[in-house]
Amino acid sequence: MKGKDLDMSTQQIALNIFSIILSGVLATLINLWYQKRQQILKAKIGLIEIIFGYRYQLGNWYNGPKEELMRALNKIPIVFANSKDVINAYNELYQVACTSPMNNENLKDNALIKLLKEMCRNVKIGTKWDDSYYKNILTLR
C-alpha cells in the first residue's frame, strides 16, 4: 500500500512541476506577443504622426524640400505590411503619383486622403473625421 501511495505522490509532484513550468512558458509567450503587438502599434502611430506633421509639404504654396514627408510615406509598406487596406490605399496613391498628370491635384488629394484614412482606421484613431480634417493644414504666417 505504501508503494502505491508513493507513486501517487510522485505523480502529483511531477504534475505540479509540469503545470508550473507550462504556466510560466505560456505567460512568457503571451507577454512577448503582447509586447510585439504594442511595438507595432507604436510604430504605426509614430509614422502617422510624422506624415500628419509634414503634410504642409504637399501644399501648392510650399517650395521647400519634401524629404521628410517622402521618407515617411516610403516607410508605409514596411510599417503597415500586415494591413491589407493600408497597402491597397498606398498602392493607389503610388499609381496616381506615377501616372496622373501633374495638374490633377484632385486625384492625388483623394488618394492621399484615402491612405490617411486607412492608416488612422487601422490604429483606431480619427474614425469620425471627415475628409477636410485630413486635407486641411494649419499654417501660421
Side-chain donor-acceptor distances from residues 63-73 under 3.5 Å, at least two apart:
{"from": "Lys66", "atom 1": "NZ", "to": "Gln57", "atom 2": "O", "distance (Å)": "3.3"}
{"from": "Glu68", "atom 1": "OE1", "to": "Arg71", "atom 2": "NH1", "distance (Å)": "3.3"}
{"from": "Glu68", "atom 1": "OE2", "to": "Arg71", "atom 2": "NH1", "distance (Å)": "2.9"}

Listed pairs under 3.5 Å, donor-acceptor, residues 78-85 side chains, sequence neighbours left out:
{"from": "Ser83", "atom 1": "OG", "to": "Lys44", "atom 2": "NZ", "distance (Å)": "3.2"}
{"from": "Ser83", "atom 1": "OG", "to": "Asn122", "atom 2": "ND2", "distance (Å)": "3.1"}

Solution key, residues 24-34 side-chain donor-acceptor pairs under 3.5 Å, sequence neighbours excluded:
{"from": "Thr28", "atom 1": "OG1", "to": "Gly24", "atom 2": "O", "distance (Å)": "2.9"}

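Here side-chain hydrogen bond (donor to acceptor under 3.5 Å, both in side chains) pairs that include residues 14-25, with residues two or more places apart or in two chains, number zero.
Smallest separation of non-hydrogen atoms from Met119 and Ile51: CE-CD1, 3.6 Å. Across every non-hydrogen atom of Val86 and Glu118, the tightest pair is CG2-O, 3.5 Å.
Through direct or relayed side-chain contacts under 4.5 Å between Ile, Leu, Val, Met, Phe, Trp and Tyr, Leu15 connects to no other residue. Hydrophobic cluster membership of Ile40, counting Ile, Leu, Val, Met, Phe, Trp and Tyr whose side-chain heavy atoms lie under 4.5 Å apart directly or via other members: none, as it forms a cluster of its own.
Listed by chain and residue number, Ile48, Arg55, Leu116, Cys120, Trp129, Tyr134 satisfy the side chain to side chain contact (heavy atoms under 4.5 Å, CB included) test with Phe52 (two or more places apart in sequence, or in another chain). For Asp131, the side chain to side chain contact (heavy atoms under 4.5 Å, CB included) partners at least two apart in sequence or on another chain are Ile113, Lys117. For Asp109, the side chain to side chain donor-acceptor pair (under 3.5 Å) partners at least two apart in sequence or on another chain are Lys135.
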Does Tyr90 form a side-chain contact (heavy atoms from CB on, under 4.5 Å) with Asn74? I'd like the steps, not just the answer.
CA-CA 9 Å; Tyr90 175 84; Asn74 283 305; 3.6 Å; yes
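Summarising the geometry, atom CG belonging to Leu107 is positioned 11.0 Å from atom CG belonging to Leu93; distances are rounded to the nearest 0.5 Å. One distance of note links CG of Leu41 with NZ of Lys124; it measures 9.0 Å at 0.5 Å rounding.
In this structure the side chain of Ile45 reaches within 4.5 angstrom of the side chain of Glu49, judged on heavy atoms.
Using cut-offs of 30° and 60° for the angle between ring planes, the Tyr54 and Tyr56 rings count as tilted.
With hydrophobic clusters built from ILVMFWY side chains whose heavy atoms lie under 4.5 angstrom apart, Ile50 shares a cluster with Leu115.
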